[in-house]
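Structure first, then comments.
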Number of protein chains: 2
Amino acid sequence: MAEINSRLYELSEVVDKKFSHGEIPPDNIVEEIRSITSVGGYIGMAQIDPTAGNLEFNAKKIAKYIKYSERIGLDMVVFPELALMGYPIEDTIDRHPLIVRENIKWLKGLAKITKNTAALVGFVEPREKDAEGKRFYNSVAVLKDGKIQGIVRKSLLPNYSEFNDYRYIEPSPVVGMQPVDTLGCFGESKIKDSDKYLNIKGTKYGISICEDCWNNKEFFEKNLYEKDPIEELCGADIFINCSASPTRAKKEQLKHNMLSFISSKYGKPMVYVNQVGAIDNISFDGSSRVFNSKGELIARAKSFEEQFLIVNPHQNIGKIYPLTKGLEKSLTEQKVFTLEYESDLERTYKTIVQGIRDYFSKCGFKRAVLGLSGGLDSTVCAVLLTDALGKENVFGISMPSKLTSKESKSDAEELAKNLGINFTEASIKPMVDTTTSCLDDLFKVVETKWDCRYKTSFTPDNIQARSRAMFLWGISNEFASCIPIATSDKSELYMGYATINGDMSGGFAPIADVPKTKLFAFARWLNYNREEKNSIPESIILKKPGAELAIDPKTGKTLNAEDALMPYEFLDEIIWRIENKNESYYDLLNAEFVYEKKNSVSREQKIEWLDKFYRRMSTALYKWSILPPSVIVESRSINKSDYRQPITSARINYKGVNEEEIKNILL
Amino acid sequence: MAEINSRLYELSEVVDKKFSHGEIPPDNIVEEIRSITSVGGYIGMAQIDPTAGNLEFNAKKIAKYIKYSERIGLDMVVFPELALMGYPIEDTIDRHPLIVRENIKWLKGLAKITKNTAALVGFVEPREKDAEGKRFYNSVAVLKDGKIQGIVRKSLLPNYSEFNDYRYIEPSPVVGMQPVDTLGCFGESKIKDSDKYLNIKGTKYGISICEDCWNNKEFFEKNLYEKDPIEELCGADIFINCSASPTRAKKEQLKHNMLSFISSKYGKPMVYVNQVGAIDNISFDGSSRVFNSKGELIARAKSFEEQFLIVNPHQNIGKIYPLTKGLEKSLTEQKVFTLEYESDLERTYKTIVQGIRDYFSKCGFKRAVLGLSGGLDSTVCAVLLTDALGKENVFGISMPSKLTSKESKSDAEELAKNLGINFTEASIKPMVDTTTSCLDDLFKVVETKWDCRYKTSFTPDNIQARSRAMFLWGISNEFASCIPIATSDKSELYMGYATINGDMSGGFAPIADVPKTKLFAFARWLNYNREEKNSIPESIILKKPGAELAIDPKTGKTLNAEDALMPYEFLDEIIWRIENKNESYYDLLNAEFVYEKKNSVSREQKIEWLDKFYRRMSTALYKWSILPPSVIVESRSINKSDYRQPITSARINYKGVNEEEIKNILL
């Protein structure tokens, strides 16, 4: 058995490779696989990367795997949630209902090519006009024998963080499969008391969709929903979950533990098929998997890659591909802030590289241009872009001003050389000089009408940052399929320490959800783990971050970011505590920070930093609202797909007041 | 009675004026009001403008009206939905739960100042930790005799368009009032079978919150929810609805008809108190109102102004303030596209002026700077800014390039003179020259590595637009409390006909939801209806729109926008049909457009325009995602608070394919 098993996966890898190159796998290999898998009980987990709304593209991909599954005699092939439409499709289906009608046509087309192998295909189901509630269901169709055999509809609709299911989707009033005659016209009144399980060769499959399996009352301390669809499906022999579950820091552990818990609690295998690939800000990690009836992991597909993984849950047949390194840690970790990022760096890397690659390919872009300052942010972006797009498609431009040090220039050049990307230097001095002179004249006029000119301003700093963006956007306008990259990091975006129409502007922002302290660890990780070692010059990692946009009057040297803001280790812990523990001002003040364990920080100093943090964050909300598309990486973010706060809430009092003060104010 | 009535409103206007200036109304006037209103049956409708999350600001405003109501002996004072927190507060309460705890403290503080007059105050109610579901309710507290007397919770949670209630709010399992001991720990298991009505002097009030009254099964063709809270409250003598309902084109008619229908259907007066003011992109129109038991309107507060309107629904006592002109039209209109915008222009004006004013004041800005091109977009923006901020706070800059005509310069100057705003001219020529020369050098280097340089590009156009933005952002950096204005209109944003980091960049975008044909009508309306007549030079309204960024090779003159795009009348009808009727490509192709009734358009021409529309729209999605805060004006928009579509969905096939093609593709 073990031998058959290992042979099956050896052959499958050949098939996967052929598929990924758009080629047809060799007949002899397919036949050998068929000889193993056509005996019954085998399931194909089609971990695919769909494009939102591109029905033809998605349907062709699905058809390919349906035909292959048929050919090797699988019992069933399972696709992710909304595989045909792509998830998330957001409000598109509401404004352009045509694409929902179209997805039904494609679904019926897919049904026609099925024969003996059942195919579970996620799609958007329109609801009949006169039905109460939203206009659509998030559904999975069971296709077999040339027809749609039944429909499963999602009951639990997540609507937090990056999820917006409930905006356009109606929760299903019933769990499990309903007959095909309910397609498009299903509601409370039409629930059929038929068998809710899909029966194939005597095995009863209980099918659910994504969130439907995230509400176990024993596993979670707090439940978002009353209903537990899995509980209602516990008469099944095997659970199937079609999913589109994005990757976030610490989510893998939760997912693993939860799925394991459910399989062992009900004593049923769980087959979980997840989407892979990125749609805008959201990156899906794949890692589809099977737990046996004891809750043991028996199969897991690759992370961040399309894969067709064949399993036999009845017979514990599967292969466990490794997760990204370090992810198999315990759940408890997430309650404590740490500067040890090691266990999450490979996942971070793959999340962002996939995010860049999919954004570019799905939008039709090919090339990226970015400023190389010799600093950490642009350096890490350059490495990630190189790996996502290929070195020939990346252009790094060193754009020195009079404040740029020699080291910055040589570091940038060395980095570009190490990466093998295109590189040139272009001084912004002429533009800065002309702009400064034009603006000086203009300011003198404005001053005659408005007596509110600042004594010291950030205007000179911003002119530099905007001149650089002018270069990058110019190249993007002049050369085909090319977009400029915004290199801002998460810590600095929290502080609004980024220039509008300058470094925070771009077609894509790769590291907008990566805090600075993690970037330092990440740079080291990249140097150690990429095939080309030590591409990032050590001097870049060692230098103190600073935008080289202004002179620090105290030192006469260019201003350090940490002097303008606060120590990054401290800043990142504030961010982490707010995002992960929802701590308040006084919670933060009273907590002992990692930074405080290593450095002596007076209470006054801590108060100063906290006050600065809240003050700057309050006025950074506008910048968050115009942030380019980026990749969500951490557990929580400021990405607008994930977090929205009114800009006009800038005067929230984050400290609060006491009852006595309230009494006096209201008197 | 009629005399008392008219005296009451005469006096109340004096009080309102005093309050709006932050003054205390004179004793003798208050006493005279008291002599009318303290006999019983009188209710105060406190139509206030809260700031999201600014609890102290909101609580002080609420306290002011509670004390006043008490003093004049009202039975009750009613505030809008979430009056204490401000609506919408979005994800803020999830990330910063402190402000929810704080809002409870303020609520208790407000309760303490109540005596004989009941106060209905909207707030965010935290739910006990171990409860299932979301963490908060959207609630209204009944305050009286120094205490919280009861709690009403919202049952129907809108989650479409600009609404996101369901992201963080749990729907109430029960309608009407629950006892105070359920505060913060209410759930299915804790429903008290106590009286769901608020009983004051023998009158039973049925209290609901906003969406709760938007689900009548007879009135709406299609209902979003199963439950109808108003039906469950039909034992009341009077309905009260605390609301925060934003203004949109055509919504007023719907709202009026629906509320009238409900009052007459149940034969009960309906007291509807709406929020006024803007929070980010969303503008609330106030216009709080009362319908009597026959469904007749007996009172209506002003639109787009804070007001404290006293009514007596028992005795049909109220005053009907006018809506914005033209709004009282029938509902059926909205099904047909028309170029007659007259009936919506005053509402449009007030929506945007309020939107600008509130955004600036709530964020702490005071001044605006904008480019005056002599074209329609910047002209209308300048007028609106003048009325919202005061002429002394607006700076118009004419920024000619070599393509700018004399007329454009003189039109801009004349406009500024007419408006009395600050004005200067600043040539962008030096910046454009320097940038062009720097970029040319750079392009030559890039070209050696990338052989994908466009033969003709938009680079020169964009350099001009970006140089102008450089000026405006420079002023904003240099002068206190000043932000630059993005002048893009809706038609051009749909077409991506706006420059990133150029004219589409700014701190606020006043007309981003106004289509071009409406802007023409709007300009005329402004000229006729503002106190200063004809501020907009006729030549600006008459000239054909064009950005003066490029030369049309066919004519040798600067390129007309309509030649680059398509006739605006045609373009705006496409947009309207997609947004309002969700029409598809072929629906549009087969419909007869207003433009076609006036002009002969060949089928080939129409196809060319439609193809161009979809092609341009697909690649404009990114620009929509980085659009600055703006004001939602129309029934549907591309504002990101209202509509979100994945940028990576750029390859959607909006034409669809037929079954035969699908069959062949999937074979």
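Computed from a predicted model, the values in this text were never measured in an experiment. Just so it is clear: chains get the letters A, B, ... in the order the sequence lines come, proteins before strands, and each one is counted from 1.
The NZ atom of B/Lys112 lies 10.0 Å from the CG atom of A/Leu666; values are rounded to the nearest 0.5 Å. Here NZ of A/Lys134 is found 5.5 Å from OH of B/Tyr225. Values are rounded to the nearest 0.5 Å. If you take CG on B/Asn501 and CD1 on A/Ile500, they are separated by 10.0 Å, rounding to the nearest 0.5 Å. Of the inter-residue distances, the one linking B/Glu102 atom CD with A/Ile652 atom CD1 reads 11.0 Å to the nearest 0.5 angstrom.
The candidate with the highest count of non-hydrogen atom pairs below 4.5 Å against chain B, out of A/Ser618, A/Ser641, A/Cys363, A/Ala650, is A/Cys363. Here A/Trp450 is the residue among A/Tyr166, A/Trp473, A/Trp450, A/Phe57 with the most heavy-atom pairs under 4.5 Å with chain B. Heavy-atom pairs under 4.5 Å with chain B peak, among A/Lys362, A/Glu90, A/Arg644, A/Lys105, at A/Arg644.
Proximity to chain B (any heavy atom under 4.5 Å) is shown, for A/Phe471, by both the backbone and the side chain. Of the atoms belonging to B/Asp451, not a single heavy atom falls under 4.5 Å from chain A. Heavy-atom distances place the side chain of A/Lys640, and not its backbone, under 4.5 Å from chain B.
Residues passing the ring-ring contact (aromatic ring centres under 6.0 Å, His included) test with B/Phe423, sequence neighbours excluded: none.
Geometrically, B/Arg95 engages A/Tyr643 in a cation-pi contact defined by less than 6.0 Å to the ring centre and at most 45° from the axis.
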